[in-house]
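The structure under discussion appears below in the form of structure tokens.
For the numbers below, each heavy atom of this structure counts, side chains included, while hydrogens, waters and symmetry mates do not.
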Amino acid sequence: MKNREPERVVVTGLGAVTPIGNNVADFWHNMQNGVSGCAPITRFDATDYKTRIACEVKDFDSSSAIERRERRRLDLFTQFATVAAAEATADSGIDFNATDPERTAVILGIGIGGFLTIEESYGFIHEHGPNRVYPLTIPKLISNIGPAYIAIRYNAHGSVYSVATACASGTDAIGQARQYIRNGIGDIVIAGGTEACITRTGVAGFNALQALSVKYNNDPTRASRPFDAQRDGFVLGEGAGILILESLSHAQARNATIYAEIVGFSSTNDAHHFTSPHPEGRGIIAAMQNSLQDAGISPEEIGYINAHGTSTLINDRIETDSIKKIFGEHAHKLKISSTKSMHGHTIGATGGMEAIVCIKALRHSFVPPTINYENPDPDCDLDYVPNKGIATSLEYAMSNSLGFGGHNGVLVIKRWLEEPA
């Protein structure tokens with residue numbers, strides 16, 4: 001049997017709910033202008049917490065996408081994903097009544113899931129006893145309900161599941177979605193990531209790990225400072241970033257607007273430590289190398305890297321060293337930024353949001369900044385596009401994601417140039 005050519009995979013829709021904008025247009029506008037989403041925590045009383053700041057989604061209103069009676073049944077992470085998916089599907093122009101439901105999938109990265117529902121349920125048990133718990137507690141908190149709910153809305157009968165690889169979840173979900181289409185299994189995947197873990201347990205747990213910034217409680221917009229010598233931990237964020245992926249043939253057949261092409265992906269594991277990356281960057285180096293090979297390009301063709309760049313002492317140094325090992329002299333010519341400096345570390349949503357950043361950077365020939373870069377670190381000596389974004393022509397961008405448990409996910413995204421149908 002003759003081998004079938006792999007399907008090319010393109011992006012035709014974008015949707016976002018973020019700490020710096022509840023739609024893609026606002027998200028990108030604030031990204032270009034270096035706006036920080038970090039502020040004092042409002043979700044609960046954080047007075048006694050070491051960290052009292054976070055990048056919360058602000059003025060969130062799900063009423064345009066979710067009926068009032070439905071909202072009580074959905075944890076916040078599912079609401080974020082549903083609103084972002086509604087924007088992405090509208091942006092794509094897809095009529096799901098005219099598509100094959102068996103060839104439509106939903107794959108979302110969700111690192112944690114329904115933290116808020118778990119906390120509320122424990123509180124209810126303590127106050128009212130175990131027999132008064134909300135009947136839908138379990139389906140509300142489980143991570144797969146996010147993609148399942150979206151599948152119900154859009155009649156997606158193909159693969160529907162969540163990916164849980166901590167902070168690499170969103171990137172891995174997009175990578176798995178690409179493979180699904182590339183292998184000819186389906187035509188359309190709603191893919192990306194979502195998370196809502198700015199809760200008492202979430203902040204307390206990350207504080208116990210000494211992972212969060214604690215020095216900037218009184219100056220929150222300066223707290224997330226990737227690659228800066230005065231960084232002291234990441235700032236917790238939340239939200240969702242959703243993409244519509246399609247096979248090129250399917251997108252062209254319906255004359256869709258194409259934003260970019262996903263040309264490379266790799267997922268690896270350090271197999272080293274619960275929370276720390278391998279000290280020599282073994283996993284992320286392999287993931288970057290494999291993704292370049294998958295894309296069929298040389299390192300010199302990458303113009304921009306959206307770095308994982310968490311603002312922790314260890315991650316930023318190891319990621320910098322790993323980039324140098326892969327890119328050699330070209331590493332010093334690359335434009336690199338960590339947009340977590342603005343939207344915070346959104347855990348499972350990170351890969352979806354940052355893929356959108358890469359796509360917008362390619363389309364607009366503009367690299368967003370790493371804000372709060374004030375004190376150069378000798379161990380982090382690359383061009384992190386400090387404090388102000390720059391206009392520059394780009395053809396390929398790379399998005400790096402590293403997660404607890406040693407997970408590494410890397411996407412390579414190509415600027416779309418019009419091609420004949």
Side-chain angles (χ1 to χ4, degrees), residues 16-24 26-44 46 49-60 76-77 79-81 83-84 109-112 115-116 166-167 169-170 192-207 209 211-228 231-241 306-312 315-316 337-354 356-357 368-373 401:
V17 173
T18 82
I20 57 171
N22 293 342
N23 55 63
V24 171
D26 290 346
F27 176 51
W28 179 241
H29 173 78
N30 288 327
M31 184 77 56
Q32 287 177 296
N33 289 281
V35 174
S36 170
C38 188
I41 292 171
T42 64
R43 293 282 166 73
F44 60 91
Y49 283 68
K50 294 178 181 178
T51 296
R52 300 188 294 277
I53 56 175
C55 287
E56 296 177 331
V57 169
K58 300 154 189 72
D59 303 318
F60 178 64
L76 193 56
F77 80 93
Q79 293 189 43
F80 286 156
V83 171
I110 303 167
I112 296 173
F115 246 164
L116 184 59
C167 314
S169 298
T194 186
E195 202 77 82
C197 58
I198 302 176
T199 69
R200 291 175 175 84
T201 305
V203 176
F206 282 118
N207 266 154
L209 284 171
L212 299 182
S213 173
V214 298
K215 293 181 180 178
Y216 297 91
N217 286 317
N218 296 322
D219 197 1
T221 61
R222 296 179 64 230
S224 186
R225 44 199 315 110
F227 306 108
D228 184 87
R231 64 191 185 277
D232 76 314
F234 69 78
V235 173
L236 195 58
E238 63 182 2
N306 187 291
H308 187 58
T310 56
S311 189
T312 61
N315 175 91
D316 295 1
S337 64
S338 173
T339 52
K340 290 182 181 69
S341 59
M342 293 172 275
H343 56 68
H345 193 347
T346 59
I347 315 300
T350 293
M353 287 185 193
E354 293 176 0
I356 291 172
V357 172
T370 303
I371 67 168
N372 297 321
Y373 187 84
S401 296

Any donor-acceptor pair under 3.5 Å from S337 side chain to P368 backbone: yes

Heavy-atom side-chain contact between K340 and T350 under 4.5 Å: yes

Side-chain donor or acceptor of N30 paired with backbone N/O of D26 under 3.5 Å: yes

P220 versus I53, closest heavy-atom pair with distance: CB-CG2, 3.6 Å

Side chains of V83 and F60 in contact at under 4.5 Å (non-hydrogen atoms): yes

Spacing of NZ belonging to K50 relative to OG belonging to S213, to within rounding of 0.5 Å: 13.0 Å

N218, CG atom: more than 12 neighbouring heavy atoms under 6.0 Å: no

D228 and N372, any side-chain heavy atoms less than 4.5 Å apart: no

Non-hydrogen side-chain atoms of F80 and E238 separated by less than 4.5 Å: yes

Heavy-atom pair of closest approach, residues Y373 and P226: CD1-O, 3.9 Å

Shortest non-hydrogen separation from S338 to F227 and the atoms involved: CB-CE1, 4.0 Å

Atom pair CG/NE2 of N23 and H29 - distance to nearest 0.5 Å: 11.5 Å

Aromatic plane relationship, H343 with F27 - under 30° parallel, 30 to 60° tilted, over 60° perpendicular: tilted

Stepwise side chain to side chain contact (heavy atoms under 4.5 Å, CB included) check, M31 with I20: CA-CA 8 Å; M31 184 77 56; I20 57 171; 3.8 Å; yes

Heavy-atom check, side chain of F77 versus side chain of L116, under 4.5 Å: no

Pairwise distance CG(N22) to CG(D59) - rounded to 0.5 angstrom: 7.0 Å

Distance in Å, T51 OG1 paired with F206 CZ, rounded so as to fall on 0.5 Å steps: 11.5 Å

Value rounded to 0.5 Å, distance of CG in L212 from CG in N217: 10.0 Å

Aromatic ring pairing F234/H345, orientation class (parallel under 30°, perpendicular over 60°, tilted between): perpendicular

Side chain to side chain, K215 and R225, heavy atoms closer than 4.5 Å: no

From CA spacing to verdict: side chain to side chain contact (heavy atoms under 4.5 Å, CB included), R43, L76: CA-CA 12 Å; R43 293 282 166 73; L76 193 56; 3.7 Å; yes

Donor + acceptor pair across side chains of S401, E354 (<3.5 Å): no

Smallest separation among heavy atoms of T194 and A240, with atom names: OG1-CB, 3.6 Å

Heavy-atom closest pair, residues I356 and A16: CD1-CB, 4.2 Å

Main-chain N/O of V214 paired to D232 side chain as donor or acceptor, under 3.5 Å: yes

Polar side-chain atom of R231 near backbone of T312 as donor-acceptor pair, under 3.5 Å: yes

Test item: M353 and P19 side chains (from C-beta on) under 4.5 Å apart, heavy atoms: yes

Contact summary for G111 and E195, nearest pair of heavy atoms: N-OE1, 2.8 Å

I371 backbone acceptor or donor facing S341 side chain under 3.5 Å: yes

Side chains of Y216 and V235 in contact at under 4.5 Å (non-hydrogen atoms): no

Separation between CD1 of I112 and OG of S169, rounded to the nearest 0.5 Å: 9.0 Å

